[in-house]
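Right, one structure below, let's go through it.
These numbers come from the heavy atoms of this one structure, side chains and all, not from hydrogens, waters or symmetry mates. Here, residue 1 is the first one in the sequence, and each next residue gets the next number.
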Amino acid sequence: MAAAPELSVVLACYNEAEILEESFREIRDTLEETKRPYEILFVDDVSRDQTRDLIAKIVRENQGLDLKVILHEKNSGRGQTVTDGFRAARGRIAGYLDVDLEVHCRYIPSLVRAIDRGADIATVRRIYAFQILSLDRYVMSRGYSFLVRTLLDVPVRDTETGFKFFRREAALPVMDEIRDPGWFWDTEFMVRARRRGLRIEEIPGAYIRRHDKTSTVRGLRDSVRYFAKLLAFRSTLRREGR
């Protein structure tokens, strides 16, 4: 029987066929370099491309690795997809990162070491490499960060980063409180974790936007939606007395 994993990595998948195999190889190689037992959990949220076929192919070609697959029957949202992976994970340290690797998986060892030093949560705080085509994403990210700190009084600089690792036992009770199953899940998790007194360490890492994949981000629409969610969440926290 394979050793119980020390690390669990959740890959929340939705229409990742363009990049999945290449990203998996890089993540696998990075995890091998840690010299720690690990598992990778693919959670597919009803992709409409060939993602599921590629997941099956990866599993067939890597039978010596500890790989698990969760397939949603209906689209549940990014946050719920991550949560389902965490509930199935077995590692003492569990994390997830965006499959596109716009923040590269090379930062995994740094986050794991931060947790070994005592952090409950370790995240990559995105540092944007200058790309003229990514200025919109930079402005949106910095503006959103300012609003989170101002409206919710949380000193975390990048709540929305898609690269987070946790001490799993500390993170699971926070997940039980989260109401939003979509992209706002990240903000809700970080705010609730902070208010529970969990120790959070942010580690800077380069964000390099990829233009060889299809993006689902829509600037104006998403900005308006997120602002409305921030206001609603602030009201929820006040009702909860937090």
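For the 3.5 Å distance criterion, the side chains of Arg48 and Tyr14 qualify, holding a donor opposite an acceptor. Donor-acceptor pairing under 3.5 Å is lacking for the side chains of Thr51 and Glu16. Checking Ser235 against Arg238 by side-chain atom types alone, no donor-acceptor pair falls below 3.5 Å. Neither side chain, Thr81 nor Asp84, offers a donor N or O lying under 3.5 Å from an acceptor on the other.
Of all the heavy atoms in Arg126 and Thr161, the pair that sits closest is NH2-N, 3.7 Å. Across every non-hydrogen atom of Glu188 and Ile178, the tightest pair is OE2-CA, 3.4 Å. Considering every non-hydrogen atom in both Pro109 and Thr34, the closest pair reads CG-CG2, 4.2 Å.
Counting heavy atoms from C-beta on, the side chains of Phe227 and Leu147 come closer than 4.5 Å. Using a 4.5 Å heavy-atom cutoff, the side chains of Ile55 and Cys13 are in contact. Residues Trp185 and Gln80 are not in side-chain contact: their nearest non-hydrogen atoms beyond the backbone lie 4.5 Å or more apart. Looking at heavy atoms from C-beta onward, Ile40 lies in side-chain contact with Leu11 at the 4.5 angstrom threshold. You'll find the side chain of Asp66 reaches within 4.5 Å of the side chain of Arg90, heavy atoms only. Using a 4.5 Å heavy-atom threshold, the side chains of Val174 and Arg196 count as touching.
Among residues two or more places apart in sequence or in another chain, the salt bridge (charged side-chain N to carboxylate O under 4.0 Å, His left out) test is passed with Asp116 by Arg36, Arg92. Applying the ring pair (Phe, Tyr, Trp, His ring centres under 6.0 Å) rule to Phe166 yields the partners Phe86, Phe189; only residues at least two apart in sequence or on another chain are considered.
In Arg194, the CZ atom is not crowded: 12 or fewer heavy atoms of neighbouring residues, nucleotides or ligands sit closer than 6.0 Å. Within 6.0 Å of CZ on Arg157 lie no more than 12 heavy atoms contributed by other residues, nucleotides or ligands.
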Subject >> Derivation of the side chain to side chain contact (heavy atoms under 4.5 Å, CB included) call for Leu152 and Thr187 >> reply: CA-CA 10 Å; Leu152 302 179; Thr187 296; 4.3 Å; yes

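Legend: salt bridge (Lys or Arg N to Asp or Glu O under 4.0 Å) pairs involving residues 144-155, not counting sequence neighbours: none detected.
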